[in-house]
Amino acid sequence: MLSKSQARAFFLGGTVVTFMAFIGLTIYSFRPQNDQTHHDKIDAQVIRGKHLWETNNCMGCHTILGEGGYYAPELTKVVERKGEEYIKIVLQSKVPWEPNGRKMVAYAMNDEDTQAMIAYFKWIGGIDLNGFDRIVSPLSKDKQ
Amino acid sequence: MKYKSQKVAYWFFALCMLLFTLQIVYGFIMGFARIGMDGLHDFIPFNTARAVHTNLLVVWLLTGFMGAAYYIIPEEAQRELISVKWAYIQLISLAVVGVVAIVGYHFNYWEGRKFLEIPRELDYLVVVNVLLFLGLILGTLFTGKRKTTTALVLSMGLLFAALLYLPGMIWFDSQVTDSFFRWWVVHLWVEGVWELIMGGILSYLLIKLTGVDREVIEKWLYVIVGLTFLSGILGTGHHYYYIGVNKIWLIVGGIFSALEPLAFLAMALFAVYMYRKGEKSHPNKIALFWTIGAAIVSFIGAGLLGFAHTLPQTNLYTHGTLVTAMHGHYAFWGAYAMIVLAIISYALPNITGRKRHDKTNGHMAFWLSNIGMLGMTVAFGVAGVVQVYMERKMGLDFMKVQNEISIHFVVLLLCATLFATGITMYIIEFIKYGKPSDEAMTTDTH
C-alpha cells in the first residue's frame with residue numbers, strides 16, 4: 001500500500017519532471033526556426049495595432065486566434081474576408097456599427113490608428129495556425 | 001473557532017458575497033445583450049460587462065481563498081495569525097484595488113487581455129497585496145506549533161498562484177507570445193495551482209466533517225495534487241494548438257490534457273470515499289453538501305466537459321466558440337465557487353457561534369444554484385454545438401448563427417434566474433448568521 005512519503009515523492013517528482021519538460025518545450029517553441037508567425041514582420045505599426053487592440057479591449061467581444069469574448073466575429077483573416085476599406089469604415093464610424101442588430105462601440109478612429117489596426121490584422125492573418133486558419137478563413141469569405 | 005484571529009476570515013467572506021453578487025448582475029447584462037436587449041450599451045458595452053464579470057469571478061474566488069487561508073492556517077499551525085491588523089489592511093487594500101479596477105473598466109482603463117484586464121499599474125499593487133497576504137500566512141505557518149500537509153499544500157498553492165501572476169505582467173510585441181504567456185497565468189492557475197488550493201481546502205473540510213484520520217486524507221491529497229500537476233502543466237498545451245506556435249503542442253497538449261480528468265476523478269472518488277469511510281456525523285450538513293458537491297461537480301465541469309473538447313481534432317472546430325463558455329462555467333462553479341461556498345458554510349457557524357447549519361434555506365440555496373448552473377451549462381452547450389455546426393461546418397456567417405442560437409440564451413437567462421435565486425438565499429443565510437463573536441470561542445465543539 002502506498003505510504004505518505006511515497007505519495008509525496010510522486011507529487012514532487014511528477015511536478016519537477018513535467019515542469020522541466022514544459023520549460024524545455026517552451027524554449028523549443030520559440031526557437032527562430034520554429035517560428036510560425038513571421039515574427040520579423042512585426043513593425044512599429046503592428047505593435048501600435050496590438051496596443052490599440054488591448055487598450056480598447058476588442059477581445060472583450062471579438063475573438064482573435066480563437067480567443068476572446070464570442071460575442072462578435074473572429075477577426076483572424078478579417079482583411080482577407082472583408083477587405084481594408086470595410087475595416088476602415090467600421091473603425092472610423094462615429095455611431096455604433098450595428099450589423100444584424102448587435103452593437104459595436106463607436107471608436108471613430110483616425111487614419112493613423114486605423115492603418116495600425118489593419119497592419120496588425122494583416123500580420124495576424126499571415127500566421128500559420130496549424131489548420132485553424134483554414135477553418136476560420138473560408139467562412140465569411142465564401143459568403144461575400 | 002479556536003483562535004480569535006480566525007474572525008478575519010469573516011470579512012473576506014463578506015467581500016466575497018458582495019463581489020459574487022456584482023458578478024451575477026454583470027452576467028445578466030451580458031445575457032440580455034445576447035438576446036438583443038442591450039439598452040445599457042452606451043454605459044456598459046458588452047466588452048466592459050465581460051471584463052467586469054470575469055475579473056469579479058477571479059477576485060471573489062481569490063478573496064475566498066484568502067479568507068479560507070486566514071481561517072484554516074491558524075487552526076492547522078495551532079497559533080494566532082501573526083498580525084490581525086495587517087490582515088485587515090490587506091483586505092482593505094484588496095478591496096480598493098478591486099474597486100478601482102472595476103470602475104476603471106467602465107472608462108477604458110484596462111488591458112484587453114482575457115482574464116488579465118487589470119492595468120499594469122494596478123498589477124503592481126496586486127503584487128504588493130499578495131506579498132503581504134503571503135507574508136502573514138507563511139509567517140503564521142512557519143512559526144506555528146505544527147506544519148500539516150493540508151496547510152503546506154494550501155500555502156504552496158497560494159505561493160505559486162502569486163508567482164505565476166508575474167508572466168502575465170510582461171509586455172510582448174507579438175500577440176502569439178502574449179497569448180502563450182497569458183496562459184501560463186490563466187491555465188496554470190485554474191488547472192494547476194488553484195487545484196492545490198482546492199485540494200488543501202477540501203482536505204481540511206474532509207478531516208473536519210468526516211472524522212477520517214488526517215494521515216489517510218493527506219496521503220491521498222498528495223496523490224491528487226500529484227496527478228493535477230502531472231497532467232495539468234503539460235496540459236497547458238491544449239491552449240497552444242491553434243494560436244500560432246509549434247505543432248508539437250498538438251501531441252503534448254492532446255495527451256496530457258486528456259489525462260487531466262484523472263485528477264478530478266480522483267478528487268471526486270476521494271471525497272465520496274472519505275465521506276463513506278467517516279464515522280463522524282457532523283451536524284453541518286450544508287457544508288458537507290457543498291464539499292462533496294464541489295468534488296463531484298468539478299469532475300463533471302472541469303474534467304468531463306473539458307475532455308469533451310480538449311482533443312486537437314475536436315478543438316479545431318470548437319476553439320473560439322461557446323463550447324468553451326459551457327466548460328468554463330461549470331468548471332469554475334464546481335471546482336472553485338463551490339469549494340469557497342463550502343468553506344464559508346463550514347466556518348460561519350464557528351465564527352459567529354450561531355448554529356444555523358441545517359436550515360431549509362441553506363439546502364434550497366444549494367439545490368437551486370446547482371440546478372440553475374447545470375441548466376446554464378446545458379444552454380451554453382447546445383448553443384455552442386449548434387454554433388460549431390452552422391458556423392464552422394456549414395460556413396454560415398457569424399451573426400446569422402448568433403441570431404439562430406439566441407433562443408438558447410433565453411433558456412440560459414431563465415436558468416440564470418434560478419441560479420441567482422439560490423445564491424440570493426445563500427447570501428440571506430450569510431447575513432442571518434450575523435457578525436463574528438468572541439463567544440464563538442466557547443461554542444465551537446468541532
Side-chain angles (χ1 to χ4, degrees), chain A residues 2-4 7-8 10-12 14-15 18-19 21-22 25-26 28-30 34 36-37 39 42 46-47 50 53-61 63-74 96 99-103 105 120 124 127-132 135-136 138-140 142-143, chain B residues 33-34 36 38 41 45-48 50-51 108 110-114 117 149 173-180 215 218-220 222-223 225-226 229-230 233-234 236 240-250 252 316-317 319-322 324-325 391-392 395-400 402-403:
Chain A
L2 190 75
S3 69
K4 192 173 175 182
R8 185 169 51 230
F10 167 71
F11 162 58
L12 293 173
T15 302
T18 49
F19 190 70
F22 184 60
L25 284 165
T26 298
Y28 174 80
S29 292
F30 286 97
N34 291 328
Q36 298 183 181
T37 69
H39 196 273
I42 298 176
V46 174
I47 295 169
K50 178 176 180 276
W53 174 264
E54 289 185 0
T55 50
N56 289 302
N57 191 16
C58 305
M59 200 186 246
C61 296
T63 45
I64 198 123
L65 309 176
E67 296 179 341
Y70 321 128
Y71 184 71
E74 167 70 54
N100 298 298
R102 192 169 277 184
K103 283 180 191 163
V105 174
Y120 168 75
I124 290 277
I127 299 172
D128 173 1
L129 296 175
N130 296 337
F132 182 65
I135 297 295
V136 173
L139 301 180
S140 301
D142 292 347
K143 300 289 158 194
Chain B
R34 282 191 176 275
D38 60 350
H41 174 83
F46 189 88
N47 57 349
T48 300
R50 191 178 196 287
N108 262 22
W110 53 17
E111 282 181 4
R113 300 160 74 233
K114 197 175 170 183
E117 283 89 350
T149 301
D173 290 342
S174 162
Q175 180 71 43
V176 173
T177 316
D178 196 296
S179 262
F180 190 94
E215 284 299 298
E218 290 184 339
K219 178 178 77 178
W220 290 108
Y222 271 134
V223 174
V225 293
F229 275 173
L230 202 63
I233 293 174
L234 288 169
T236 314
Y240 299 157
Y241 294 158
Y242 306 118
I243 65 164
V245 287
N246 197 268
K247 286 184 176 64
I248 196 160
W249 291 107
L250 295 172
V252 175
L316 179 64
Y317 294 94
H319 180 53
T321 69
L322 290 161
T324 309
E391 198 185 310
R392 299 278 164 89
L396 290 175
D397 178 70
F398 177 88
M399 271 313 300
K400 281 183 184 150
Q402 291 294 306
N403 287 335

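Below, chains carry the letters A, B, ... as their sequence lines are ordered, and counting in each starts from 1. For the numbers below, each heavy atom of this structure counts, side chains included, while hydrogens, waters and symmetry mates do not.
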Fill in: Heavy-atom pairs under 4.5 Å with chain B, option from D128(A), V105(A), I124(A) with the top count
V105(A)
Worksheet item: Given a strict heavy-atom distance threshold of 4.5 Å, which part of S174(B) is in contact with chain A: side chain, backbone, both, or neither?
Response: both
Item to complete: Mind telling me whether F22(A) and W249(B) have parallel, tilted or perpendicular rings, with 30° and 60° as the class edges?
Response: perpendicular
Response to the item:
Most heavy-atom pairs under 4.5 Å with chain B, out of M59(A), E74(A), E67(A), belong to E67(A)
Worksheet item: With only heavy atoms counted, which part of Y241(B) is less than 4.5 Å from chain A, the side chain, the backbone, both or neither?
Response: backbone
Worksheet item: Would one find more than 12 heavy atoms of other residues, nucleotides or ligands at under 6.0 Å from atom CZ of F10(A)?
Response: yes
Worksheet entry | Atom group of I64(A) that falls short of 4.5 Å from chain B, counting heavy atoms | side chain
Practice prompt. Could you tell me which of T26(A), L2(A), T63(A) has the largest number of non-hydrogen atom pairs under 4.5 Å with chain B?
Written response: T26(A)
Fill in: Neighbour count above 12 (heavy atom, 6.0 Å) for Y317(B) OH
no
Worksheet item: Which heavy-atom pair separates N47(B) from C61(A) by the least distance, and what is that distance?
Response: N-SG, 3.5 Å
Discussion item. For the interface with chain B, which of P73(A), C58(A), A21(A) has the highest count of heavy-atom pairs at distances below 4.5 Å?
Written reply: P73(A)
Discussion item. Using 0.5 Å steps for rounding, measure from the CG atom of D173(B) to the CD1 atom of I47(A).
Written reply: 3.5 Å
Worksheet entry | Which atom of A51(B) lies closest to which atom of N57(A), heavy atoms considered | CB-ND2, 3.9 Å
Discussion item. Which heavy atom of Y70(A) sits nearest to which heavy atom of K114(B), and what is that distance?
Written reply: OH-NZ, 2.9 Å
Item to complete: Hey, can you tell me if F132(A) and H319(B) have their rings parallel, tilted or perpendicular (30° and 60° cut-offs)?
Response: perpendicular
Worksheet item: With chain A, which of N403(B), T177(B), L322(B) has the greatest number of heavy-atom pairs at distances under 4.5 Å?
Response: T177(B)
Discussion item. Just so I know, are the side chains of K103(A) and P45(B) near enough to count as touching, which here means a heavy-atom distance under 4.5 Å?
Written reply: no
Item to complete: Pick one of side chain, backbone, both or neither for N108(B), based on which atoms fall under 4.5 Å of a heavy atom in chain A.
Response: both
Worksheet item: Where do F11(A) and F229(B) land on the side chain to side chain contact (heavy atoms under 4.5 Å, CB included) test, with the steps shown first?
Response: CA-CA 8 Å; F11(A) 162 58; F229(B) 275 173; 3.8 Å; yes
Fill in: Considering all heavy atoms, the nearest M399(B)-N100(A) contact
CB-ND2, 3.2 Å
Worksheet item: Between N246(B) and Y28(A), what is the shortest heavy-atom contact and its length?
Response: OD1-CE2, 3.6 Å
Item to complete: Could you tell me whether a side-chain N or O of N130(A) sits under 3.5 Å from a main-chain N or O of V245(B), the two making a donor and an acceptor?
Response: yes
Worksheet entry | Among the listed options Y242(B), F180(B), Y240(B), W220(B), the residue most often paired with chain A at heavy-atom distances under 4.5 Å | Y242(B)
Discussion item. Less than 4.5 Å to any heavy atom of chain A: does that hold for the side chain of L230(B), its backbone, both, or neither?
Written reply: both
Discussion item. If you define the side chain from C-beta out and look only at heavy atoms, does anything of D178(B) sit under 4.5 Å from K50(A)?
Written reply: yes
Practice prompt. Would you mind checking which part of L25(A) comes under 4.5 Å of any heavy atom in chain B, side chain (CB onward), backbone (N, CA, C, O), both or neither?
Written response: both
Worksheet item: For Q175(B) and W53(A), what are the C-alpha separation, side-chain angles and deciding distance, and is it a side chain to side chain contact (heavy atoms under 4.5 Å, CB included)?
Response: CA-CA 10 Å; Q175(B) 180 71 43; W53(A) 174 264; 3.8 Å; yes
Response to the item:
From the list Q402(B), E117(B), E111(B), E218(B), the residue making the most non-hydrogen contacts under 4.5 Å with chain A is Q402(B)
Worksheet item: Ignoring hydrogens and geometry, is there a side-chain-to-backbone donor-acceptor pair from K4(A) to K219(B) under 3.5 Å?
Response: no
Discussion item. I need the D38(B) CG to R102(A) CZ distance, nearest 0.5 Å.
Written reply: 9.0 Å
Discussion item. Nearest 0.5 Å, please: how far is CD in E391(B) from CD1 in I135(A)?
Written reply: 11.0 Å
Worksheet, complete the sentence: Pair count under 4.5 Å, heavy atoms only, with chain B: among P99(A), S29(A), G68(A), S3(A), highest is G68(A)
